[in-house]
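Comments concern the structure below.
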Amino acid sequence: MTKTRVLDAAVVVALVLYPLLLPGYLDLGTRMIVMALFAMSLDLLVGYCGLVTLGHAAFFGVGAYSAGILAIRASADPLTGLLAGGVAAAILGLLAGTVLLRSRRLTLIMLTLATVLIVQETANRMNWLTGGADGLQGIDMDPVLGRFAFDLFGRVGYVYAAAVLALGFLVFRAVVDSNFGKSLVGIRENEPRMRAIGAPVDTRLRIAFVMSAALAGIAGALQAQVTEFVSLNAVSVEFSGEILIMLILGGAGRRYGAFLGAPLYVFMQDYLAKEDPANWYLWIGAMLMAIVLFAPGGLTKWIGALVGRATHASPLPGRS
Amino acid sequence: MLVYLITQTLNGLFSAALLFLIASGLTLAFGVMKIVNIAHGSFYMLGVYVAYTVIQRTQSLLLGSLVAIAVVAAVGFVMQRVFLRRFAADPLAQMMMTMGFALLFRDAALMIWGGDPFTLQYPAVLRGSMEAGDVVFPWYRLFVIIVAALVGVALWTINERTLIGARLRATVDDPEMASATGINVAQLSGLVFAAGAGLAAFGGVMGGPILGGYTGVDFDLLPLAFVVVIIGGMGSLKGALVGSIVVGMIDNFGKALVPELSYFTLFAPMILVLALKPTGLYGRA
């Protein structure tokens, strides 16, 4: 348990130190936080259920559009918006999950890809509601809890996003540490055996899928609120691929993977956009291959192994 | 109306011909290695670009095709033997690896050939159009349909009538049992992957005079090829053929009749087939 405490403390310290050390880059920090939350939602599917999807942005985007449209047309209260984003994405997740979860592997990847393309096309066509290719503009959020108004420097936005991430992580961890979460891992490792011992595999995967969609929707709503803008890119295949890369970078199914992968990716994106914008995909491709080749399990596993080797030298050399 | 129908059918067959060249390699690689190859569209793209360089120097479509096939097949072979083979038991790692390659190829092509779109030149013999009654159809498109049909016959013969084909079918059915009977599955995988890459490159050369080469052509074609493979059933050559014709026709007629629903017309048949037969038309569980 002490390891968990150390890691939790590290996350909190990073969240607190960032605005103190880099007060001029709060927007970037907020983006890292939102991506971490989104990557965490994907982790529930990829890391714990073993279901690979290339369409998770569908849920992020629906959450973002729901929160944005709600803010423009009805209520601009941030927490109501988060709830609306989560619920809308969960409903889509329930509908999509019923169809998608009948298949696995390539077929599942293709169906999730189809889902996100169809959602994107729908958002594009309904431009009277979503703004279409111009994006959803004119979002103006009320103060958080009626007291903390969003400021120009993004201070409130940062703290608000960090709080949502922390709460999201507590829920996420409670889920993956529960017996339910352990049965998901069982399904990932050996689905036929789980069926054989009588586990309700389909129901559990469907619940996990809806949870993951809801969390992705909340991340989307958060992004819509702090940036006060939603673009069609929020429901794209490219974005779905990017979030998968962030998760793999940090390490899937390892609880803290999203905390490392998402910020690192967002930082690299920002840095390379200034230094070497022409070769962005080259760098990402090379990095992805390096991770798969040299640090399978992502950076969290790699760092964990380094720390493990440094702290307690094995009494039996060659075994770990 | 009839003329319109015939012309659109022929256009659909042209799309189907290109799709078959791309999807046949994809489906076989999936059948043998169970790999989700995100870089398969990149093989098509590399094919167009390599052929472009060769054809500019030599003006020969044939030479362009041969060099493109050889170069891209070699790239595919190295990719499989050096990188993908290590992750045989880990589909996610394999997929991320191919995604890395796809991104790498995309920027490499941009660096080497620049970002200007182009179309490939083709022999004067194939220019102009065939006229039969009121139906007018370009000779080149007809040529591609015939070439793809010949490739299909050749693949079918190899698959059904040769020893390598028998080994291939055995491995698609059950890699472990195939391996136990003495079939060198690792070597076969490399071969199939390279052949698939070469076929996709050939598809690129054949499509080059019409669709041309441009940044993003790789990811434009990949979803179509995946849909073909899923409809036909993974690992089935017959499935790739039937799937190509279905997707080629629907894509063509869909775009002509209801252009605003292009994605829906593409994915609807896939979802319908999966609802009726989850393994695809000719796939096995």
Side-chain angles (χ1 to χ4, degrees), chain A residues 46-47 50-55 96 99-100 102-122 124-125 188 236-238 241-242 244-245 247-249 252-253 276-298, chain B residues 26-27 30 34-39 42 79 82-84 86-87 90-111 115 215 219 222-223 225-231 233-235 260-264 266-268 270-271 273-275 278-280 283:
Chain A
V46 175
L51 300 172
V52 182
T53 141
L54 266 182
V99 182
L100 298 178
R102 294 177 53 189
S103 46
R104 297 284 183 275
R105 311 186 66 163
L106 177 64
T107 313
L108 178 65
I109 291 173
M110 259 329 283
L111 285 175
T112 54
L113 197 96
T115 309
V116 73
L117 283 172
I118 288 171
V119 172
Q120 186 181 34
E121 198 54 28
T122 311
N124 190 20
R125 301 250 168 247
R188 178 190 75 194
S236 63
V237 177
E238 291 84 357
E242 278 188 313
L244 188 59
I245 293 174
L247 179 63
I248 301 297
L249 183 62
D276 191 10
N279 297 321
W280 162 240
Y281 284 113
L282 190 80
W283 287 111
I284 289 303
M287 185 192 70
L288 197 55
M289 289 164 66
I291 285 287
V292 176
L293 283 173
F294 304 116
Chain B
L26 190 63
T27 201
F30 189 88
K34 306 285 174 270
I35 188 173
V36 179
N37 183 10
I38 306 280
S42 312
M79 222 173 115
V82 180
F83 295 99
L84 299 178
R86 301 169 181 223
F87 308 105
D90 188 350
L92 181 61
Q94 275 187 338
M95 190 182 116
M96 295 319 281
M97 203 71 200
T98 59
M99 195 190 264
F101 270 111
L103 297 175
L104 217 64
F105 288 149
R106 183 199 186 110
D107 262 13
L110 201 59
M111 251 189 256
T215 315
F219 286 106
L222 191 66
F226 276 159
V227 171
V228 168
V229 170
I230 288 171
I231 288 183
M234 289 160 228
E260 63 273 14
L261 292 177
S262 59
Y263 278 129
F264 297 90
L266 177 60
F267 290 127
M270 177 174 86
I271 292 164
V273 167
L274 287 176
T279 51

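Quantities reported herein were computed from a predicted structural model and do not represent experimental measurements. So you know, we letter chains A, B, ... as the sequences are listed, proteins then strands, and number each from 1.
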Go through the atoms of A:L282 and report whether side chain, backbone, both or neither lie under 4.5 Å from a heavy atom of chain B. both

Would B:M99 and A:L54 count as a side-chain contact (heavy atoms from CB on, under 4.5 Å) here? Give the steps. CA-CA 12 Å; B:M99 195 190 264; A:L54 266 182; 3.9 Å; yes

Just do the side-chain contact (heavy atoms from CB on, under 4.5 Å) check on B:L274 and A:M110 with the steps written out, would you? CA-CA 11 Å; B:L274 287 176; A:M110 259 329 283; over 6 Å; no

For chain B, which of A:G241, A:A114, A:G50 has the most heavy-atom pairs under 4.5 Å? A:A114

Do the side chains of A:N279 and B:M111 get nearer than 4.5 Å, heavy atoms only? yes

Part of A:T107 lying under 4.5 Å from any heavy atom of chain B: both

With a 3.5 Å cut-off and sequence neighbours excluded, list the donor-acceptor pairs that the side chains of residues 286-294 of chain A form with protein atoms.
none

Considering residues at least two apart in sequence or located in another chain, which fulfil the side chain to side chain donor-acceptor pair (under 3.5 Å) criterion with A:Q120? none

How about B:M234 and A:R105: do any of their side-chain heavy atoms sit closer than 4.5 Å? no

Using the side-chain contact (heavy atoms from CB on, under 4.5 Å) rule, take B:I230 and A:L111 through it: C-alpha gap first, then chi angles, then the decisive distance, then the call. CA-CA 10 Å; B:I230 288 171; A:L111 285 175; over 6 Å; no

Using non-hydrogen atoms and a 4.5 Å limit, figure out which bit of B:F30 sits close to chain A: side chain, backbone, both or neither. side chain

Can you tell me how far CE of B:M97 sits from CD1 of A:I248, rounded to the nearest 0.5 angstrom? 13.0 Å

What part of A:V237 gets closer than 4.5 Å to chain B, counting heavy atoms only: side chain, backbone, both or neither? neither

I need the B:I271 CD1 to A:L100 CG distance, nearest 0.5 Å. 8.5 Å

Is chain B contacted by the side chain of A:I245, its backbone, both, or neither, given a heavy-atom distance below 4.5 Å? both

Pick one of side chain, backbone, both or neither for A:T115, based on which atoms fall under 4.5 Å of a heavy atom in chain B. neither

From A:I109 atom CD1 to B:F226 atom CZ, the distance as rounded to the nearest 0.5 Å: 7.5 Å

Portion of B:F219 that has a non-hydrogen atom of chain A nearer than 4.5 angstrom: neither

Are any non-hydrogen side-chain atoms of B:M95 and A:L244 less than 4.5 angstrom apart? yes

Counting only heavy atoms not in A:W283, do more than 12 sit closer than 6.0 Å to its CH2 atom? no

For B:L104 against A:G285, the heavy-atom pair lying closest together: CD1-C, 4.2 Å

Nearest-0.5 Å distance, CZ of residue B:F267 to CG of residue A:L117: 5.0 Å

